[in-house]
2 protein chains.
Amino acid sequence: MTTSPDAPRRPLTLKDVSEASGVSEMTVSRVLRNRGDVSEATRDRVIAAAKELGYVPNKIAGALASQRVNLVAVIIPSLSNLVFPEVMTGISQVLDDTPLQPVVGVTQYKPEKEEDVLYEMLSWRPSGVIIAGLEHTEPARAMLAAAGVPVVEIMDTDGEPVDAMVGISHRRAGREMAKAIVAQGYRRIGFLGTGMPLDHRARKRFEGFTEALAKAGVEIADREFYSGGSALAKGREMTEAMLNRTPDLDFLYYSNDMIGAGGLLYCLEKGIDVPGKLGLAGFNRVELLDGLPRRLATMDACRLEIGRAAARIIADRSSDPEIPGGQRDILTPTIDPGDTLYRSRPRV
Amino acid sequence: MTTSPDAPRRPLTLKDVSEASGVSEMTVSRVLRNRGDVSEATRDRVIAAAKELGYVPNKIAGALASQRVNLVAVIIPSLSNLVFPEVMTGISQVLDDTPLQPVVGVTQYKPEKEEDVLYEMLSWRPSGVIIAGLEHTEPARAMLAAAGVPVVEIMDTDGEPVDAMVGISHRRAGREMAKAIVAQGYRRIGFLGTGMPLDHRARKRFEGFTEALAKAGVEIADREFYSGGSALAKGREMTEAMLNRTPDLDFLYYSNDMIGAGGLLYCLEKGIDVPGKLGLAGFNRVELLDGLPRRLATMDACRLEIGRAAARIIADRSSDPEIPGGQRDILTPTIDPGDTLYRSRPRV
DNA sequence: ATGAAAGCGCTAACAT
DNA sequence: ATGTTAGCGCTTTCAT
């Protein structure tokens, strides 16, 4: 591509390419989209002209004319959570083999912000929507229902989706972990979590957790919540505070691996016998933490798989509108006991 | 908003709102955009009708007609890097006070992918482009130059930008750290980094580092590179391998805080005297790590500030096209010695 | 304060 | 294999 003496401020149009190549706009359009029959010769001339001029098609006009937009709206609470980049990776893996492209919107766990972001994204008429969680404002649900494109609600399956859903049951995840903990004989259990009332998944895990404990006749012995700051540091501080307040605890359940790791480091430093005297578990297997001195017990939330499955649904339904909606893909998270849950290990 | 008995598959248009409210399309458009004079009465009727129908404007048509798109293309190598979400936060902070909206594209550190993503995004005619790094393919540079909108290249300032640039000099960052290390009397220095030949910023830091060491008559005594896997675990493994191979090293410089933290944990576990016998330093202050038993020496790369400054430039220039381009904002990263760089601490 | 007409840059549908 | 025509849904501009 050569730069002409003075670059035009006006963006180039099909017409420019048409004139430069001596071919009709329509044919240029066909070449640029690999559509319909075009002779080798004209194709070459058009491509040469487009390249020479540095033409970049105007998708806005294209989308308006064709009523098709190859964008998939992905709406998530945060990018710094580690969890969501992984979901994005799964989505991208699948969409990379299609003409579709993800576009991310971040809500910061705020329902009104979610509503705004959704409205904004729907106004671009995307081919599909992937949105985290099942809890939305009334207007947001209405918009999703009226969008006229596939909608996949991800991460959580404890509730009724507008259309399709892919995720895990966080209530069940909490229950399973509670059962595993009780099965190991722990009885004096503390809970440490985020203070975010709007993190519904964390809330549901907690509910499932206490529910299963209750069934075993156990009650949470102490609890503490945090917000803001470095999760690792917070985990450390909270653990110290809780153990000072309630020294007879024999298990700490953390609502995520980062604060759990902070707690683990604290315990190791203090020479506390883990998991002999004190068991620990987190949630959301964070690969990043694999280099810790000891592996924290945790549960994999299947993030990559959730992203892939959601994208699959959008891709399939958007290429074949005959496919009905309402898919339910409930994945099963499994406990990874790491080194901090099982008191007795199998003898070698 | 009420849901009509059978929801229409066809998306609603201005015309629908116009008919429902008995007002011309033009006036509806004015109301919905808060433009021009509209009487209180008609405004209310229009808003009521739009809400009742659940009308979502079509930005594609709007953008085509007005030749204005309130999107800012943000092109970054990765979302899992921790660094980039922080840059995004800075960008959002500033754009939230404007009509502009960021749209993210991810390149996975691949030049061709970057070219594709850029082409794709430019075809939506964004109001500005924020792109990581100064190294791009020839076509990518040409596209940026011809885009006709503000372009800000961020993170790195060692090179010539197409238009504006905001970032730090990674070469200088490497030099500064080398000087600080030598000043502490360390002489047998090992380097541990990513094996990514396309991470130009890591490469420049390394070059600056070796250059400043050379000036002090010191040469890198050992080096090791990794790719893939958990950074913490890799840092641990690499550190072990290097110390076994070259036991007389007295300093380890890591190309990022995550692998540095892995190394730090390893050293503490082995009872190595840090920083007495072995000093450590990373790069890119990661808040997430604040809860480690000891604070790793590092350097803040000013990510939040870079995002904010870049967004500022786009916002300003896009609201006032008279403002000329070519801004250069070179921020100064500072060394945070943490607990692993200074051998002698000030006595209390 | 409101409306009518023209057209943004492209593509669907129909010629040829 | 290529060209022509008529919009896509909105906003700009110019009337009233």
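Labels below follow one simple rule: chain letters A, B, ... track the order of the sequence lines, proteins then strands, and each chain is numbered from 1.
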**Student:** Distance check: side-chain N/O of S29(A) vs OP1/OP2 of dT11(C), anything under 4.0 Å?
**Tutor:** yes
**Student:** Polar pairs (N or O, both sides) under 3.5 Å between protein and nucleotides 6-8 of chain D?
**Tutor:**
residue: dC8(D); atom: O3'; partner: Q67(A); partner atom: NE2; Å: 3.0
residue: dC8(D); atom: O2; partner: L64(A); partner atom: O; Å: 3.4
residue: dC8(D); atom: O2; partner: A65(A); partner atom: N; Å: 3.1

**Student:** Starting the side chain at C-beta, find the nucleotide from dT12(D), dC10(D), dA1(D) nearest to L14(B).
**Tutor:** dC10(D)
**Student:** Is there a donor-acceptor pair closer than 3.5 Å between any side-chain N or O of S127(B) and the backbone N or O of V69(B)?
**Tutor:** yes
**Student:** Measure from the side-chain N and O atoms of S66(B) to the backbone N and O of G62(B), and report whether any donor-acceptor pair falls under 3.5 Å.
**Tutor:** yes
**Student:** Restricting both atoms to N or O, compile the protein contacts to nucleotides 13-16 of chain D shorter than 3.5 Å, with distance only.
**Tutor:**
none

**Student:** For the side chain of T27(B), starting at C-beta, report the closest nucleotide among dT4(D), dG3(C), dA12(C).
**Tutor:** dG3(C)
**Student:** Using modelled atom types and a 3.5 Å cut-off, is there a donor and acceptor pairing between side-chain atoms of S29(A) and backbone atoms of E25(A)?
**Tutor:** no
**Student:** Please confirm whether the shortest side-chain N or O distance from S39(A) to OP1 or OP2 of dT2(D) is below 4.0 Å.
**Tutor:** yes
**Student:** Angle between the two end axes of the helix from dA1(C)-dT16(D) to dT16(C)-dA1(D), five base pairs per end, rounded to 10 degrees?
**Tutor:** 30°
**Student:** Given dC10(C), is OP1 or OP2 found less than 4.0 Å from the side-chain N or O atoms of Y55(A)?
**Tutor:** yes
**Student:** Short question: side chain of S18(A), backbone of V23(A) - any donor-acceptor pair under 3.5 Å?
**Tutor:** yes
**Student:** Does a side-chain N or O of T42(B) approach OP1 or OP2 of dA1(C) to a distance below 4.0 Å, or not?
**Tutor:** no
**Student:** Answer yes or no: does a side-chain N or O of R125(B) lie under 4.0 Å from OP1 or OP2 of dC8(C)?
**Tutor:** no
**Student:** Looking only at side-chain atoms of R33(B), point me to the closest of dT11(D), dG9(D), dG3(C).
**Tutor:** dT11(D)
**Student:** Phosphate oxygens OP1/OP2 of dC8(C): is one of them under 4.0 Å from a side-chain N or O of R68(B)?
**Tutor:** no
